[in-house]
2 protein chains.
Amino acid sequence: MKAKNITAQDVADLAGVSRAAVSRTFSNNGSVAEATRQKVLEAAKKLGYQVNILAQSLNRQRSDLVGLVTTTTRDPFRSLLLEHLIKQIQQAGFQALVTEVESAEDLEQTLQKFIQFRVSGVIITSGRPPAEFAKECVRCEIPVVVINRETDLSNVDVVKSDNSAGAELAAKTLLAANCKRLAYLNVRNDTYSSTARGAAFIKAIAEDIVDNTVSFEQIVAEYPRYEGGVKVARQVFENGVKYDGIFCANDLLACGFIDGARSAFNYRAPDDFCIIGFDDIPVANFESYGLTTIRQDTSAIAKQALALLRQRAVQSDRSQVIQNINVELVKRRSVAKRN
Amino acid sequence: MKAKNITAQDVADLAGVSRAAVSRTFSNNGSVAEATRQKVLEAAKKLGYQVNILAQSLNRQRSDLVGLVTTTTRDPFRSLLLEHLIKQIQQAGFQALVTEVESAEDLEQTLQKFIQFRVSGVIITSGRPPAEFAKECVRCEIPVVVINRETDLSNVDVVKSDNSAGAELAAKTLLAANCKRLAYLNVRNDTYSSTARGAAFIKAIAEDIVDNTVSFEQIVAEYPRYEGGVKVARQVFENGVKYDGIFCANDLLACGFIDGARSAFNYRAPDDFCIIGFDDIPVANFESYGLTTIRQDTSAIAKQALALLRQRAVQSDRSQVIQNINVELVKRRSVAKRN
DNA sequence: TTGAAAGCGCTAACAA
DNA sequence: TTGTTAGCGCTTTCAA
């Protein structure tokens with residue numbers, strides 16, 4: 001004998017009003033006399049009534065869900081971003097439908113699910129949305145924002161950290177510290193962001209390279225993250241300190257590099273080389289690292305993502321927006337003036 | 001001129017079958033001839049039909065959503081757990097509805113939302129669910145699992161790491177390393193888990209305390225996380241190394257302690273003191289720390305949580321299950337035999 | 001195996 | 001301000 005679900009009708013009956021009055025009371029939509037309102041609220045409380053959002057959304061043709069695509073949440077930068085995104089989604093009155101994807105296929109399935117849920121928006125922090133999906137989104141009028149990646153879909157908005165500005169800051173900082181043998185450390189299978197950072201870094205030191213006042217090389221780590229940094233440091237410095245100014249695609253790689261250089265050869269930053277990361281994850285500020293880095297403003301990124309979502313919800317055919325979020329140099333020990 | 005949504009009826013019309021046939025095809029429910037099935041699938045593809053999960057769920061009186069309550073996702077351990085939970089939820093065929101809560105009030109609102117979404121289950125990793133909520137869940141037959149915390153609600157299942165076993169492992173390890181001046185480092189506003197760990201640690205060394213072969217003290221950090229560890233190390237070791245065997249409530253605190261002791265007094269682990277953490281977050285394995293720790297099996301925790309959810313979905317009135325997940329000692333540099 | 005029909009619980013246009 | 005009513009798109013008996 002299962003208890004029947006409590007519906008708006010039950011509340012209406014108890015309160016002696018119509019179902020519509022109950023609906024109005026709970027969605028603060030349309031006018032309802034204060035007295036009626038109170039009766040409804042009271043009856044609802046007595047019965048333990050809970051609006052059925054499924055029915056509500058079905059009727060409104062839209063759920064108050066926002067789909068959020070992510071991957072390897074455990075990554076410090078991603079988890080930081082994720083936290084802000086979820087909070088912003090909630091603050092905007094939505095609920096976060098979060099999925100972890102590992103492949104393009106995963107992504108496609110996920111996006112399909114999102115459409116099936118009639119989400120109010122989609123935020124993608126990993127993978128490239130297929131063109132087909134974008135078309136569907138246009139048809140369903142679902143706004144889509146990608147974060148820190150590029151897209152060739154003109155109806156998809158972009159929020160990204162200003163990689164160029166960040167790389168320039170890094171370059172300036174290393175040059176100001178009198179570094180002469182510069183390098184950019186990236187992972188073999190790099191992403192859109194890290195490629196952009198490397199390119200901008202080279203551009204920023206191009207003159208000095210031409211002048212022959214500094215040298216430059218790319219360092220490619222075979223493995224990602226901290227472990228990749230450790231390993232590559234051991235290879236690269238095997239025959240002495242080859243670089244005195246290293247810009248890293250991200251903090252984790254930088255921390256690994258620092259540890260690899262220290263544990264294998266007792267080379268240290270900033271005594272033996274200067275190093276700059278990207279992201280400003282919490283570990284960068286641990287005393288063992290004191291990593292100078294380019295800070296991504298995850299809070300601003302999340303805010304902008306939601307803002308764009310809402311804008312496009314209002315005007316679905318507006319042209320693509322690509323929003324560059326300011327980054328900031330965070331000075332710590334790992335860079336010091338050389339002589 | 002807005003495009004009309006494509007419904008099962010549209011597909012049925014195009015395929016020349018009934019709406020029911022379409023429904024059956026997409027929910028693999030009830031029998032449908034292969035020929036019909038193909039016609040439906042073809043028509044659906046042609047139209048770009050997507051099942052409306054809202055309507056489906058409304059009808060089934062249950063969505064395939066699982067509500068997931070979390071907080072400060074940026075925390076390394078939490079993000080690790082979260083990743084596994086989301087993946088498990090997906091693997092079980094559900095979607096994760098994730099909310100960040102910061103207060104008891106947040107939690108209550110969130111849980112209400114979950115009920116309104118008619119979720120298939122709720123997983124709580126932060127905060128204590130109010131009794132009222134549990135009652136509602138029973139009525140709505142929504143299974144609830146809490147992770148690494150306690151509850152007095154008998155219809156709520158619990159999955160937790162075996163804190164006692166972990167603390168015992170830590171105690172044994174420190175005693176075996178010949179540590180004599182033991183301490184348990186915790187944060188002032190501690191959680192269920194950290195209290196349990198401390199209590200079990202004391203119990204494990206009780207005999208030795210009575211024998212007077214070892215001493216024991218509690219260290220209380222005023223601030224949480226890494227920063228709390230740094231600060232407390234600076235206070236505690238101001239007049240020399242007071243403890244030679246420290247068990248920490250979590251890894252972050254331990255890493256902070258290591259750095260605080262080193263940067264302020266150049267005291268090092270394991271030369272000057274042994275230290276053991278809890279969780280085994282990635283940083284614990286960074287070369288700068290080499291932290292011996294008690295590993296929580298986040299993957300197993302997530303798996304069990306989902307398993308319990310599904311069990312209770314089948315048998316909603318079964319008695320409470322409290323599942324202890326095995327922990328494991330991970331030996332690294334931070335403990336070494338003393339003389 | 002298939003179709004007709006009765007909901008699932010809600011919202012919103014309209015009329016009163 | 002209120003109630004009536006016609007759906008929202010799907011599932012699922014029941015009968016054919």
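By convention in this document, chain letters (A, B, ...) are assigned in the order of the sequence lines, proteins followed by strands, and residues within each chain are numbered from 1.
- Among the protein residues, Val22(B) comes within range of no part of the nucleic acid, since none of its heavy atoms lies under 4.0 Å from any strand.
- Under the ring-ring contact (aromatic ring centres under 6.0 Å, His included) criterion, Tyr49(A) pairs with Phe26(A), not counting sequence neighbours.
- Within residues 30-41 of chain A, the residues having any heavy atom under 4.0 Å from DNA chain D are, by residue number, Ser31(A), Val32(A), Ala33(A), Thr36(A).
- Put simply, chain B comes within 4.0 Å of DNA chain D, heavy atom to any atom, from dG9(D) to dT13(D), going 5' to 3'.
- No side-chain heavy atom of Phe133(B) sits under 4.5 Å from any side-chain heavy atom of Glu108(B).
- A donor-acceptor pair is defined here as one N or O able to donate and one able to accept, closer than 3.5 Å; such a pair exists between the side chain of Ser63(A) and the backbone of Phe117(A).
- Not counting sequence neighbours, Arg24(B) has no partner by the side chain to side chain donor-acceptor pair (under 3.5 Å) test.
- Residues that satisfy the ring-ring contact (aromatic ring centres under 6.0 Å, His included) test with Phe77(A), not counting sequence neighbours, are absent from this structure.
- OP1 or OP2 of dC8(C) has not a single side-chain nitrogen or oxygen of Gln61(B) nearer than 4.0 Å.
- Summary for the helix from dT1(C)-dA16(D) to dA16(C)-dT1(D): the axes at its two ends, each from 5 pairs, differ by 30° when rounded to the nearest 10 degrees.
- The separation between Ile6(A) atom CD1 and dC10(C) atom C1' is 16 Å, rounded to whole Å.
- In this entry the distance linking CG of Asp64(A) with C1' of dC10(C) reads 14 Å, nearest Å.
- Across all strands, Tyr49(B) comes closer than 4.0 Å only to sugar-phosphate atoms, never to a base (heavy-atom distances).
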- Tell me, with the steps shown, if Leu65(A) and Ser120(A) meet side chain to side chain contact (heavy atoms under 4.5 Å, CB included). CA-CA 6 Å; Leu65(A) 256 23; Ser120(A) 290; over 6 Å; no

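- Partners of Thr70(B) under the side chain to side chain donor-acceptor pair (under 3.5 Å) rule, at least two apart in sequence or in another chain, do not exist in this structure.
- The interatomic distance linking Leu58(B) (CG) with dT11(C) (C1') rounds to 12 Å, in whole Å.
- Residues that satisfy the side chain to side chain donor-acceptor pair (under 3.5 Å) test with Lys87(B), not counting sequence neighbours, are Glu102(A), Glu83(B).
- Considering only residues two or more places apart in sequence or on other chains, Gln116(B) meets the side-chain contact (heavy atoms from CB on, under 4.5 Å) condition with Gln50(A), Ile53(A), Gln112(B), Lys113(B).
- Every residue meeting the side-chain contact (heavy atoms from CB on, under 4.5 Å) condition with Lys46(A), not counting sequence neighbours, appears here in chain and number order: Leu14(A), Glu42(A).
- In this structure, Asn324(B) CG and Gln304(B) CD are separated by 11.0 Å, a value rounded to the nearest 0.5 Å.
- Put simply, CZ on Phe117(B) is 15 Å from C1' on dG9(C), counting in whole angstrom units.
- Taking atom CG on Leu54(A) and atom P on dG7(C), their separation rounds to 20 Å, with Å as the unit.
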Under 3.5 Å, N/O pairs linking protein and nucleotides 12-16 of chain C:
unit_1	atom_1	unit_2	atom_2	d
dA13(C)	N6	Arg24(A)	NH2	3.4

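- Sorted by first and then second residue, the salt bridge (charged side-chain N to carboxylate O under 4.0 Å, His left out) pairs with a member in residues 123-133 of chain B form an empty list; sequence neighbours excluded.
- Between Arg118(B) and Asp64(B) there is no salt bridge, since no side-chain N of the basic residue sits under 4.0 Å from a carboxylate O of the acidic one.
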